[in-house]
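Let me begin by presenting the structure, written as structure tokens, before commenting on it.
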Amino acid sequence: MKLNKKQWQESIARILRAEYGTDVQSATKKELYGAVSRAVMALVPARKKEDKKRCAYFSAEFLMGRAIYANLLNLGILDEAEDALKELGRDLAEFEEVEDAALGNGGLGRLAACYLDSAASKGIPLDGYGIRYRYGLFRQSFVDGFQHEEGDDWLKWGDPWSVCCERDTVLVRFADLTVRAVPYDMPVFGYKNGVVNNLRLWQSEPVQAFDFTAFNEMRGDQTAVSNFNASKICDVLYPNDNTMTGKILRLRQQYFMVSASLQDIVRAHKAAGKALAELPKSWCFQLNDTHPVIAIPELLRILEGEGMSFEEAFAVCAKCFNFTNHTIMAEALEKWDALALSDLLPDVYEEILACQRKLEADGLDTARFYIVRDNVIHMANLAIFVSAHVNGVAEIHTGILKAETFRDWYERFPEKFVNITNGITPRRWMLLNNPKMAKCIDAVIGSDWHTDLGKIKGIEAHIPALLADFKRIKGENKAKLAAYIKEHDGVDISPDFIFDVQVKRLHEYKRQMLNALSVLYFYFGIKDGSIKDFPPTAFLFGAKAAPGYYMAKAVIKFINEIARLVNGDKDVQDKMKVVFMQNYNVSYAEKIVCAADISEQISMAGMEASGTGNMKFMLNGTVTLGTMDGANVEICEEAGRENNYIFGATVEEVKEIKKFYCPREIVEQNPALKRALQTLIDGTMQDESGMLKKLYESLTTGYQPDRYLVLYDFADYVRVKEQLLRDYGSEAFDKKCLINMANVGKFSADRSVTDYANLIWKL
Ligand SMILES: *Cc1c(COP(=O)(O)O)cnc(C)c1O
């Protein structure tokens, strides 16, 4: 799969001529992008039919980001491709404009993408199955400080990495509509090992092509309606992270994806001459959260349609399915109205009822165990009942699942429950986004750590020798990010400032509000002289809010108002800047995580299942300012709590505090906090919308004021943050950064997928 420079140039020229009727000099960026991608695709070997057991990763989201650089890197041809283009007067960097494939919301979808990379790189036979949304996660901009959403037309750059496999089309039937599911396959390249796994994304299309005769005879209405509905299924990714909307179109999407995938897999299994009872020897299925759980009754339906009894089909499902839980938030655990589901998918509903009957026949106490109750279908319970394994995504999260969320299930089926702490791929999150640091590490310990991240521990013995290079490279990365922010967001920040970064979806539990209030606290403190010698700091935020999530959008408006106040005040210009970076996505994240000095991971303890952003920062040598939540706990175990900045109530403390919590008392005892909070209602900020007032009320009044203990944790947060800012710049601080990098091994997605393969998939 290798070409020399000359062969590269010939291949690109040939494709440009044949496909676009142009040459390298006059090709547009898009044409050149298409030609380089296609030149790579031409190297992909035909897939070998192997008789190994495979795992299918069912996920409603794959947040892949930009494919071209990662693919060139994994194929080991990044430098050759760069040289070949340079010589022709073009540049790989031109593709920085290519839109991300943003077919996911945040952490859950990005996890799926990291797992595909890691599985291929470890030679683990894992294929992804999902939906080819026409529009991915919306593109975000700010208008007067408010979030503005636009459709994400990710296909406007073409999709040269996919191959449409028409011949594998299947039909998916709803009570009111039958649609064609057409698969688009994207190769997933292992890192320099020749392995190619597959990501199959299904696109919905109408069964008949548009019927012109009917249309001309004015019988068009009916045809037009069913065509419209068919393609609408894949129109858009629901932009909700950690919440469930209960929309029927979403149920259609979920069923569409798993029905197509399972029909496809069963058909191939039969075509290979194998018995369906043997399916668990050839396949297992990982359900990424509850979104694909409807796969369970669908496989029951398919197997019974092939002549199996319910008991036989259930036995197959009980061996094939495994379930990953990603959150303890009730609003994210999917529930469907039984009537709505039975209207749309009557046969599938019958299978769900059969599972409920089996549960009862197995002697489970229906007061504690149920799948259908009061006409509501509980998808997580269905998943747990049938799956062989159920896993949480960090030690603390799995502990909460066992002790609380699924306590009854854990007591009855303890053997099902396992923990698999999340991970990230070090290829995209270090080799690709921070190549100078990677080379610097290679020079000290060799390159084994690229595929065995535990080996990066080797740098720990060389920290004094690495310090100067680390600081220089971080400085260069900061300068690059500052230039990008200037161009992209129109704010000037000095690379000499401390870069304090919080980037992740906007959610009340993630507490961007806590960070925002601390910025105001520093601002007023500098202004009135109570804070002296404040080290110049840039407070950088990046986050999309679900379009229907009012409070999240209010937080965005608030932070943008803080930025207006601070950045417009000459008195503090040499002390602080605030930027809300627009349209945070994977490509932006790549630029940010290698340039940060502080990684803010400040969710209320017990709420963040794992987090993976925290791991990206750690890998790039950034200390965590965080709570004892999610994988932060394990980051402290690995790198030492003393090398990070931990604050706030613990999970156990949160429980106690909530019993008697009165946020008003906290505010009255803390005048600085009160002052920061008052800006929401005292006219400091522009707020014709009334949003900021609502935000104020959510923290101070109502049924559950300050649900996420922003005000409670404020004082401790500021105390630890001030300590961090004081420590910054010392040699001791820089050592902490490198100790974090040295101890990141556990958080490689290579380790995560290996755990899945050994403990769950048994590949
Ligand atoms: C890693 C990543 C996330 C997840 O971040 P958390 O801090 O773990 O919530 C979300 N969005 C993007 C674009 C990412 O790259």
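Atoms within a ligand are numbered from 1 in the order they appear, just like the ligands themselves.
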> Can you list the atoms of ligand 1 that are under 4.0 Å from a heavy atom of Gly106?
Replying inline: 10 (C), 11 (N)

> How close does the nearest protein non-hydrogen atom get to atom 9 (O) of ligand 1, and which residue and atom is it?
Replying inline: Lys510 NZ, 2.8 Å

> Is there at least one pair of N or O atoms, one from Val586 and one from ligand 1, spaced under 3.5 Å apart?
Replying inline: no

> Picking from Arg110, Lys122, Arg427, what satisfies salt bridge (Lys or Arg N to Asp or Glu O under 4.0 Å) with Asp117?
Replying inline: Arg427

> Just checking, Lys402 and Phe417: is the charged tip under 6.0 Å from the six-membered ring centre and within 45° of the axis?
Replying inline: no

>> Does this structure show an ion pair linking Lys746 with Glu634, if we count only N-O contacts that are shorter than 4.0 Å?
In response: yes

> atom 5 (O) of ligand 1: which protein heavy atom is closest, and how many Å away?
Replying inline: Gly613 N, 3.7 Å

>> Given Lys544, Arg110, Lys616, identify the one with the heavy atom nearest to atom 1 (C) of ligand 1.
In response: Lys616

> Roughly how far, to the nearest 0.5 Å, is CG of Asp500 from CG of Asp597?
Replying inline: 8.5 Å

>> Contact between ligand 1 and Tyr584 is defined here as a heavy atom of the residue under 4.0 Å from a ligand atom; is it met?
In response: yes

>> Please list, in number order, the atoms of ligand 1 under 4.0 Å from a heavy atom of Gly611.
In response: 8 (O)

>> Once rounded to the nearest 0.5 Å, what's the spacing between atom CE of Met607 and atom CZ of Arg707?
In response: 7.0 Å

> For the salt bridge (Lys or Arg N to Asp or Glu O under 4.0 Å) test, which of Lys504, Lys721, Lys510 pairs with Glu600?
Replying inline: Lys721

> Can you tell me if Trp429 has a non-hydrogen atom under 4.0 Å from ligand 1?
Replying inline: yes

> So how far is it from Asp713 CG to Ile602 CD1, rounded to the nearest 0.5 Å?
Replying inline: 9.5 Å

> Near Gly107, which atoms of ligand 1 are under 4.0 Å from a heavy atom of that residue?
Replying inline: 3 (C), 4 (C), 10 (C)

>> Suppose I only count heavy atoms of Asn585 and a 4.0 Å limit; which atoms of ligand 1 are within that range?
In response: 13 (C)

> Can you list the ligand 1 atoms lying under 4.0 Å from a non-hydrogen atom of Thr612?
Replying inline: 1 (C), 4 (C), 8 (O)

> Considering the options Thr290, Asn288, Asn242, Asn391, which one meets the side-chain hydrogen bond (donor to acceptor under 3.5 Å, both in side chains) requirement together with His326?
Replying inline: Asn288

> So is Lys504 polar-close to ligand 1, meaning N/O to N/O under 3.5 Å?
Replying inline: yes

